[in-house]
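Written out below as C-alpha coordinates is the structure these notes cover.
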Amino acid sequence: MVSLTITADYAPTVKTVHLKACQDGKCREGDVDLRPGSVSLPQSCGPEPEGSCSAVASPDGTRYGFLNMGTLTSSPIDAEVTGLDTNGGTLPTRTLNFTPKSTKPWGEQCQTAITASLLLDAHGLRQS
(Lines give C-alpha, C1' and ligand atoms only; values in the text may rest on other atoms or scores of the structure.)
Protein backbone atom coordinates (compact mmCIF):
# COMPACT_ATOMS: atom_id res chain seq x y z
CA MET A 1 0.00 0.00 0.00
CA VAL A 2 1.14 3.52 -0.75
CA SER A 3 -0.25 6.08 1.67
CA LEU A 4 -0.77 9.72 0.75
CA THR A 5 -1.29 12.55 3.22
CA ILE A 6 -2.24 16.07 2.14
CA THR A 7 -0.96 18.75 4.52
CA ALA A 8 -3.43 20.81 6.56
CA ASP A 9 -2.61 24.04 4.72
CA TYR A 10 -3.09 22.45 1.27
CA ALA A 11 -6.02 20.10 1.99
CA PRO A 12 -8.78 22.77 1.79
CA THR A 13 -7.86 23.49 -1.84
CA VAL A 14 -7.87 19.83 -2.98
CA LYS A 15 -11.10 18.26 -4.25
CA THR A 16 -9.88 14.96 -5.75
CA VAL A 17 -6.57 13.12 -6.05
CA HIS A 18 -5.49 10.40 -8.47
CA LEU A 19 -2.37 8.39 -7.62
CA LYS A 20 -0.34 6.21 -9.99
CA ALA A 21 2.52 4.17 -8.58
CA CYS A 22 4.88 1.80 -10.38
CA GLN A 23 7.27 -0.69 -8.81
CA ASP A 24 9.22 -3.56 -10.38
CA GLY A 25 7.50 -2.98 -13.75
CA LYS A 26 3.96 -3.19 -12.31
CA CYS A 27 1.74 -0.12 -12.09
CA ARG A 28 -1.42 0.54 -10.13
CA GLU A 29 -3.52 3.67 -10.18
CA GLY A 30 -6.78 4.99 -8.90
CA ASP A 31 -8.64 7.86 -7.30
CA VAL A 32 -7.68 8.15 -3.64
CA ASP A 33 -10.56 8.09 -1.16
CA LEU A 34 -9.53 11.00 1.06
CA ARG A 35 -10.43 10.89 4.74
CA PRO A 36 -9.97 13.48 7.49
CA GLY A 37 -6.67 13.10 9.34
CA SER A 38 -6.20 13.32 13.09
CA VAL A 39 -3.65 13.28 15.87
CA SER A 40 -3.84 11.44 19.18
CA LEU A 41 -4.16 13.67 22.21
CA PRO A 42 -3.24 12.05 25.53
CA GLN A 43 -5.79 12.14 28.30
CA SER A 44 -5.08 12.06 31.99
CA CYS A 45 -3.90 8.80 33.51
CA GLY A 46 -5.92 7.13 36.21
CA PRO A 47 -4.60 5.50 39.35
CA GLU A 48 -6.29 2.15 38.64
CA PRO A 49 -5.79 -0.29 37.01
CA GLU A 50 -2.02 0.23 37.12
CA GLY A 51 -2.16 3.87 36.03
CA SER A 52 -4.01 3.22 32.79
CA CYS A 53 -4.00 6.07 30.29
CA SER A 54 -6.10 6.93 27.27
CA ALA A 55 -6.06 9.18 24.24
CA VAL A 56 -8.60 10.74 21.91
CA ALA A 57 -8.37 11.49 18.20
CA SER A 58 -8.51 15.17 17.29
CA PRO A 59 -8.88 16.40 13.68
CA ASP A 60 -5.67 18.05 12.46
CA GLY A 61 -6.82 19.42 9.08
CA THR A 62 -4.92 16.88 6.99
CA ARG A 63 -6.54 14.41 4.61
CA TYR A 64 -5.19 10.97 3.79
CA GLY A 65 -5.82 7.91 1.68
CA PHE A 66 -4.22 4.79 0.23
CA LEU A 67 -3.49 3.05 -3.06
CA ASN A 68 -3.40 -0.73 -2.78
CA MET A 69 -0.37 -2.06 -4.63
CA GLY A 70 -0.31 -5.52 -3.12
CA THR A 71 2.98 -6.59 -1.56
CA LEU A 72 5.67 -3.92 -1.68
CA THR A 73 9.37 -4.65 -2.15
CA SER A 74 12.34 -2.47 -1.26
CA SER A 75 12.69 -1.45 -4.93
CA PRO A 76 12.15 2.20 -5.90
CA ILE A 77 8.62 3.43 -6.67
CA ASP A 78 7.69 5.99 -9.32
CA ALA A 79 4.69 7.96 -8.06
CA GLU A 80 2.52 10.49 -9.88
CA VAL A 81 -0.24 12.54 -8.27
CA THR A 82 -2.85 14.47 -10.26
CA GLY A 83 -6.26 15.80 -9.35
CA LEU A 84 -8.68 18.69 -9.19
CA ASP A 85 -8.84 21.68 -6.91
CA THR A 86 -12.01 22.91 -5.21
CA ASN A 87 -12.58 25.44 -8.03
CA GLY A 88 -12.63 22.68 -10.67
CA GLY A 89 -9.15 23.47 -11.93
CA THR A 90 -6.38 20.95 -12.43
CA LEU A 91 -3.82 20.44 -9.69
CA PRO A 92 -0.18 20.54 -10.81
CA THR A 93 1.09 17.07 -11.71
CA ARG A 94 3.54 15.99 -9.02
CA THR A 95 6.00 13.11 -9.48
CA LEU A 96 8.50 11.43 -7.19
CA ASN A 97 10.86 8.49 -7.43
CA PHE A 98 11.50 7.14 -3.93
CA THR A 99 12.59 4.01 -2.11
CA PRO A 100 10.15 2.54 0.44
CA LYS A 101 11.36 2.43 4.03
CA SER A 102 12.22 -0.91 5.62
CA THR A 103 11.82 -1.21 9.39
CA LYS A 104 11.74 -3.91 12.03
CA PRO A 105 9.06 -2.50 14.36
CA TRP A 106 8.71 -5.77 16.30
CA GLY A 107 12.44 -6.34 16.89
CA GLU A 108 15.49 -7.49 14.95
CA GLN A 109 14.42 -11.15 15.00
CA CYS A 110 11.04 -10.39 13.46
CA GLN A 111 9.74 -9.72 9.96
CA THR A 112 10.68 -6.53 8.10
CA ALA A 113 7.86 -4.07 7.40
CA ILE A 114 8.07 -2.06 4.17
CA THR A 115 6.19 1.24 4.08
CA ALA A 116 5.62 3.75 1.28
CA SER A 117 4.27 7.05 2.59
CA LEU A 118 3.94 10.28 0.65
CA LEU A 119 3.17 13.85 1.67
CA LEU A 120 1.56 16.34 -0.74
CA ASP A 121 1.54 20.09 -0.20
CA ALA A 122 1.46 23.23 -2.35
CA HIS A 123 5.19 22.88 -3.05
CA GLY A 124 5.16 19.28 -4.28
CA LEU A 125 5.30 15.61 -3.38
CA ARG A 126 7.81 14.10 -0.97
CA GLN A 127 8.38 10.97 1.06
CA SER A 128 7.24 11.07 4.67
Side-chain angles (χ1 to χ4, degrees):
M1 229 179 262
V2 176
S3 68
L4 175 69
T5 299
I6 302 172
T7 61
D9 58 335
Y10 193 49
T13 65
V14 176
K15 182 176 181 182
T16 63
V17 170
H18 187 86
L19 174 59
K20 179 179 179 181
C22 300
Q23 184 181 49
D24 298 327
K26 296 178 185 173
C27 296
R28 297 274 175 103
E29 65 180 294
D31 293 334
V32 178
D33 181 20
L34 296 172
R35 301 169 186 267
S38 63
V39 293
S40 293
L41 298 177
Q43 299 295 292
S44 60
C45 298
E48 296 297 326
E50 281 116 47
S52 60
C53 299
S54 63
V56 296
S58 176
D60 66 358
T62 63
R63 293 168 68 198
Y64 73 95
F66 304 95
L67 176 66
N68 187 354
M69 290 194 61
T71 303
L72 293 176
T73 69
S74 56
S75 300
I77 294 176
D78 287 312
E80 178 183 272
V81 174
T82 57
L84 298 175
D85 65 25
T86 52
N87 295 322
T90 303
L91 295 175
T93 299
R94 304 294 188 180
T95 60
L96 181 68
N97 177 278
F98 70 102
T99 301
K101 294 180 181 178
S102 298
T103 61
K104 292 197 173 266
W106 304 284
E108 285 301 313
Q109 301 79 14
C110 296
Q111 178 179 353
T112 299
I114 298 175
T115 60
S117 302
L118 299 172
L119 189 64
L120 177 66
D121 63 18
H123 305 289
L125 185 64
R126 64 185 184 273
Q127 188 171 9
S128 62

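All values below were derived from every heavy atom in this structure, side-chain atoms included, with hydrogens, water molecules and symmetry-related copies excluded.
By the 4.5 Å heavy-atom criterion applied to side chains, K101 and Q127 are counted as neighbours. Between V17 and V81, the closest side-chain pair of non-hydrogen atoms falls below 4.5 Å. Proximity of L91 to V14: side-chain heavy atoms (C-beta onward) are separated by under 4.5 Å at one or more points.
Using a 4.5 Å cut-off between side-chain heavy atoms of Ile, Leu, Val, Met, Phe, Trp and Tyr, with links allowed through other members, F66 and L34 fall into different hydrophobic clusters. In this structure, L19 is a member of the same hydrophobic cluster as I114, with clusters built from ILVMFWY side-chain heavy atoms closer than 4.5 Å. When hydrophobic clusters are built by joining Ile, Leu, Val, Met, Phe, Trp and Tyr residues whose side-chain heavy atoms come closer than 4.5 Å, directly or via intermediates, M1 is not grouped with L120.
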Trace of the side-chain contact (heavy atoms from CB on, under 4.5 Å) decision for L67 with L4: CA-CA 8 Å; L67 176 66; L4 175 69; over 6 Å; no
Residue pair D121, R126: steps toward the side-chain contact (heavy atoms from CB on, under 4.5 Å) verdict: CA-CA 9 Å; D121 63 18; R126 64 185 184 273; 2.7 Å; yes
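Not counting sequence neighbours, the partners of T5 by the side-chain contact (heavy atoms from CB on, under 4.5 Å) test are T62, Y64, L119.
The backbone N or O of C110 sits less than 3.5 Å from a side-chain atom of K104, completing a donor-acceptor pair. Proximity of a side-chain donor or acceptor of Q23 to a complementary backbone N or O of T73 within less than 3.5 Å is detected.
Between T115 and S117, the side chains place no donor N or O within less than 3.5 Å of an acceptor N or O (distance only, hydrogens not considered).
The local environment of CD in Q43 is crowded, with over 12 non-hydrogen atoms from other residues, nucleotides or ligands closer than 6.0 Å.
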